[in-house]
Structures are given as C-alpha cells and as structure tokens.
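For reference, positions follow the sequence shown, starting with 1.
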Amino acid sequence: VQLQASGGGLVQPGGSLRLSCAASGRTFSRTSMGWFRQIPGKEREIVAANGRSGGSIYYASSVRGRFTLSRDNAKSTLYLQMNNLKPEDTANYYCAASTMNLIFSSLPDKSSYDSWGQGTQVTVSS
C-alpha cells in the first residue's frame with residue numbers, strides 16, 4: 001500500500017485541522033488504517049485507528065472527544081479531523097496501513113502496520 005499524507009500546518013490553540021491520507025495499491029475498505037504521531041526523541045504513538053471500514057475505532061485517551069477518524073472508500077482516503085487542538089498535539093503525523101484485518105487490541109501497536117506515509121507536521125502554537 002502506498003500512502004500520501006497531507007493537511008498539516010500551523011494552527012493556534014483551540015483551532016482545527018483535517019489530515020488526509022490517500023491510499024493506493026490495495027482494496028481500501030479491506031485495509032486496516034491508522035494515524036500515529038511522533039516528536040523528536042520520543043516513540044511514535046497511536047492517535048487513532050480502525051481495523052476495516054465500519055469497524056470499531058481506537059482513539060488514544062489524549063485525543064478522545066477532540067479527534068475523529070473517518071474514511072471515504074470511494075476516494076481511498078483516510079481522514080483525521082482534529083478539533084480543539086492543544087500545544088501538546090504538536091508532532092509529525094503519520095498514516096499507516098496494514099494488510100491484516102487487525103483486531104482491536106492490535107490497533108495501537110505500530111509493529112502491526114507494514115506501510116507508512118511520509119508524515120505531515122502539525123504545529124499548535126500562538
């Protein structure tokens with residue numbers, strides 16, 4: 001699966017951004033997909049993911065209630081709507097895909113994914 005992430009940028013605290021991840025090379029609706037983020041010197045961490053189109057969505061506790069994961073199967077695109085952004089959300093955001101139909105407990109594990117996008121930087125600052 002080839003992944004192309006976009007939508008990052010600079011936003012003030014409390015603002016919103018929508019990240020997009022365009023996928024190609026595999027039936028999108030049958031691909032497990034997720035967003036991770038990473039800051040320099042830290043481990044890449046899960047933001048949100050789901051195992052297949054319409055499946056249960058995993059959200060990191062730090063973003064639950066503020067971020068929304070969604071898919072558009074017709075466009076083979078994964079979205080991450082980020083609202084009420086905080087400075088601690090500043091990171092490089094990566095989309096990821098797995099050829100496996102991941103079970104819910106496997107969604108947060110970055111080793112479950114075999115394809116990664118190039119990352120898009122999100123900076124939350126006044």
Measure across Ser105 and Pro108 and return the closest heavy-atom pair with its distance rounded to 0.1 Å.
O-CD, 3.5 Å

Are Tyr113 and Leu102 side-chain neighbours, meaning at least one heavy-atom pair lies under 4.5 Å?
yes

Can you classify the ring geometry of Phe104 versus Tyr58 as parallel (below 30°), tilted (30 to 60°) or perpendicular (above 60°)?
tilted

Do you know which two heavy atoms are closest between Val1 and Ala97, and how far apart they sit?
CG1-CB, 4.1 Å

I'd like to know whether Glu88 forms a side-chain contact (heavy atoms from CB on, under 4.5 Å) with Val124, so could you lay out the CA-CA distance, the side-chain angles of the two residues, the decisive distance to 0.1 Å, and finally the verdict.
CA-CA 8 Å; Glu88 51 264 42; Val124 185; over 6 Å; no

Tyr79 reachable from Phe28 in the ILVMFWY side-chain graph, under 4.5 Å edges:
no

If you compare all heavy atoms of Leu107 against all heavy atoms of Gly51, which two are closest, and at what distance to 0.1 Å?
CD2-N, 3.8 Å

Between Trp116 and Tyr94 the two heavy atoms that sit nearest each other are CE3-CB, 3.9 Å

Can you run down the salt bridge (Lys or Arg N to Asp or Glu O under 4.0 Å) pairs that involve residues 78-87, sequence neighbours left out, and say none if there aren't any?
none

Per side chain to side chain donor-acceptor pair (under 3.5 Å), Arg71 is matched among Thr31, Asn50, Thr77 by Asn50

Is there a side-chain contact between Gln4 and Gln118 (heavy atoms, below 4.5 Å)?
yes

Supply the atom-to-atom distance Thr90 OG1 to Gln121 CD, rounded to the nearest 0.5 angstrom.
7.0 Å

Show which side-chain atoms of residues 16-25 pair as donor or acceptor with protein atoms under 3.5 Å away, not counting sequence neighbours.
{"from": "Ser16", "atom 1": "OG", "to": "Asn83", "atom 2": "OD1", "distance (Å)": "2.9"}

Of all the heavy-atom pairs spanning Asp114 and Thr99, show the shortest one and how long it is.
OD2-OG1, 3.1 Å

Interatomic spacing from CG in Leu3 to SG in Cys95 - rounded to 0.5 Å:
4.5 Å

Could you pull out the closest heavy-atom pair between Ser112 and Ser106, with the gap in Å?
OG-O, 3.0 Å

Can you give each donor-acceptor pair under 3.5 Å made by side-chain atoms of residues 33-48, sequence neighbours left out, with the distance rounded to 0.1 Å?
{"from": "Arg37", "atom 1": "NE", "to": "Glu45", "atom 2": "OE2", "distance (Å)": "2.8"}
{"from": "Arg37", "atom 1": "NH1", "to": "Asp89", "atom 2": "OD1", "distance (Å)": "3.0"}
{"from": "Arg37", "atom 1": "NH1", "to": "Tyr93", "atom 2": "OH", "distance (Å)": "2.9"}
{"from": "Arg37", "atom 1": "NH2", "to": "Glu45", "atom 2": "OE2", "distance (Å)": "3.4"}
{"from": "Arg37", "atom 1": "NH2", "to": "Ser62", "atom 2": "OG", "distance (Å)": "3.4"}
{"from": "Gln38", "atom 1": "OE1", "to": "Arg44", "atom 2": "NE", "distance (Å)": "3.1"}
{"from": "Gln38", "atom 1": "OE1", "to": "Arg44", "atom 2": "NH2", "distance (Å)": "3.2"}
{"from": "Gln38", "atom 1": "NE2", "to": "Lys42", "atom 2": "O", "distance (Å)": "3.0"}
{"from": "Glu43", "atom 1": "OE1", "to": "Lys110", "atom 2": "NZ", "distance (Å)": "3.2"}

When rounded to the nearest 0.5 Å, the distance separating OG1 of Thr68 from CD1 of Ile57 is 8.0 Å

